[in-house]
Amino acid sequence: MTSLLVATCVAAVSLATASAALAQAAPAAAAAPTISYGPAIPGICVLSLEGAVGNSTVGKYVQTRMTQIGTQVQAELTAEQTAINSAAKALDAQKGTLDQGSFDKQAADLQLRANAYQRKAQLRDREMQATQQKALGRVSQELDPVVRAAFQQSKCSLLLQRDALVIANPQMDITGAVVTGLNARITQFAFDREHLDQAMPAQAGK
């Protein structure tokens, strides 16, 4: 279950981000039609893992924290890219006054900076993915016992993923109970960007 929860947590945060963007851009949706449900089936329960994580306090916290870290990373990369672009424009302006050897040397140095920047941008992208995976792995650890407790308290014999169903009687849905349990268990925890450039040398020495 743990591996499933980690994957689901990642999807929940991504889904929450996309949903927030769509909510700002999309017009108001029409009211959903009224549905008449058949009787709830005893022992069969339904759970939306994405909904449980996305609506929980800790899930919203992870999303907010990931946005903060992403903003920091973007600011770092933008500053470096701007510096490289400015250096390229300055070198181009000096092309008529520099001898060929000096120009070629500075152009080669600038290309090395650009290549290093590209590698850093790729590294930061991998670090963001690793950060999200680790943070949501922590959420999944907290979520697992909450799901099991809600399963037992609701006397479930079978638990179905709600997002794989078309329609289900809401009385069979334990998502709200899972959100409540997760909120009672954890609301936030400290985490920062993973630094893969520091981890790689240590791994190389093994």
Side-chain angles (χ1 to χ4, degrees), residues 1-71 125-191 193-194:
M1 179 180 286
T2 300
S3 60
L4 172 63
L5 292 180
V6 172
T8 301
C9 288
V10 173
V13 170
S14 300
L15 180 62
T17 302
S19 298
L22 288 173
Q24 295 177 356
T34 302
I35 299 176
S36 296
Y37 299 97
I41 303 174
I44 297 182
C45 299
V46 176
L47 168 66
S48 171
L49 288 169
E50 290 88 347
V53 175
N55 290 315
S56 69
T57 301
V58 70
K60 293 175 182 177
Y61 165 77
V62 169
Q63 180 187 352
T64 299
R65 181 64 183 135
M66 286 299 302
T67 300
Q68 293 172 344
I69 296 173
T71 300
D125 182 62
R126 294 195 301 272
E127 288 176 338
M128 288 295 294
Q129 295 178 32
T131 301
Q132 184 184 57
Q133 190 77 11
K134 183 175 181 179
L136 294 176
R138 169 68 188 280
V139 174
S140 74
Q141 291 176 358
E142 303 292 343
L143 181 61
D144 186 42
V146 173
V147 170
R148 295 178 186 276
F151 181 89
Q152 294 176 354
Q153 291 170 3
S154 299
K155 302 186 184 309
C156 303
S157 299
L158 176 66
L159 181 60
L160 302 177
Q161 169 66 291
R162 190 179 74 188
D163 303 282
L165 305 175
V166 178
I167 300 175
N169 189 319
Q171 295 179 8
M172 299 160 58
D173 197 318
I174 64 171
T175 304
V178 170
V179 172
T180 299
L182 187 57
N183 287 344
R185 187 177 180 90
I186 186 172
T187 57
Q188 66 179 42
F189 56 93
F191 70 93
R193 191 187 86 234
E194 293 294 296

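Between atom CG of residue Leu136 and atom CG of residue Leu143 there is a gap of 10.5 Å, rounded to the nearest 0.5 Å. Separation of atoms CG (Leu49) and CG (Asp163) is listed at 8.0 Å; rounding is to 0.5 Å. In this structure, Thr180 OG1 and Ile174 CD1 are separated by 11.5 Å, a value rounded to the nearest 0.5 Å. For the atom pair Thr131 OG1 and Arg126 CZ, the distance stands at 12.5 Å (nearest 0.5 Å). Taking CD of Gln68 as the reference point, atom OG1 of Thr64 lies at 6.5 Å (rounded to 0.5 Å). Rounding to the nearest 0.5 Å gives a distance of 12.5 Å between OG of Ser48 and CG of Leu160.
Distance alone, capped at 3.5 Å, is enough to place a donor-acceptor pair between the Asn55 side chain and the Gly51 backbone.
Of all non-hydrogen atoms in Pro39 and Asn169, the two that sit nearest each other are C-ND2, 3.8 Å. Nearest heavy-atom pair, Val178 versus Val146, reported as atom, atom and distance to 0.1 Å: O-CG1, 3.4 Å. Annotation for Ala168 and Val46: closest pair CB-CG2, 4.0 Å, computed over non-hydrogen atoms. Across Ala190 and Tyr61, no two heavy atoms sit closer than the pair CA-OH, 4.1 Å. Across all non-hydrogen atoms, the minimal contact from Val62 to Phe191 is O-CZ, 4.2 Å. When every heavy atom of Gly137 is checked against every heavy atom of Ser140, the shortest pair comes out as O-OG, 2.7 Å.
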Passes side-chain contact (heavy atoms from CB on, under 4.5 Å), Glu50 versus Gln161? Steps please. CA-CA 10 Å; Glu50 290 88 347; Gln161 169 66 291; 3.4 Å; yes
Decide yes or no on side-chain contact (heavy atoms from CB on, under 4.5 Å) for Leu159 and Val147, but give the supporting numbers first. CA-CA 10 Å; Leu159 181 60; Val147 170; 3.9 Å; yes
Checking Met66 against Met128 for the side-chain contact (heavy atoms from CB on, under 4.5 Å) test, could you report, in this order, the C-alpha distance in whole Å, the side-chain angles of both residues, the deciding distance, and whether it holds? CA-CA 8 Å; Met66 286 299 302; Met128 288 295 294; 3.6 Å; yes
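Looking at heavy atoms from C-beta onward, Leu47 lies out of side-chain contact with Arg162 at the 4.5 angstrom threshold. Annotation: side chain of Phe151 is not in contact with side chain of Cys45 (no heavy-atom distance under 4.5 Å).
No side-chain N or O of Ser56 forms a donor-acceptor pair with one of Asn183 less than 3.5 Å apart. Neither side chain, Gln141 nor Arg138, offers a donor N or O lying under 3.5 Å from an acceptor on the other.
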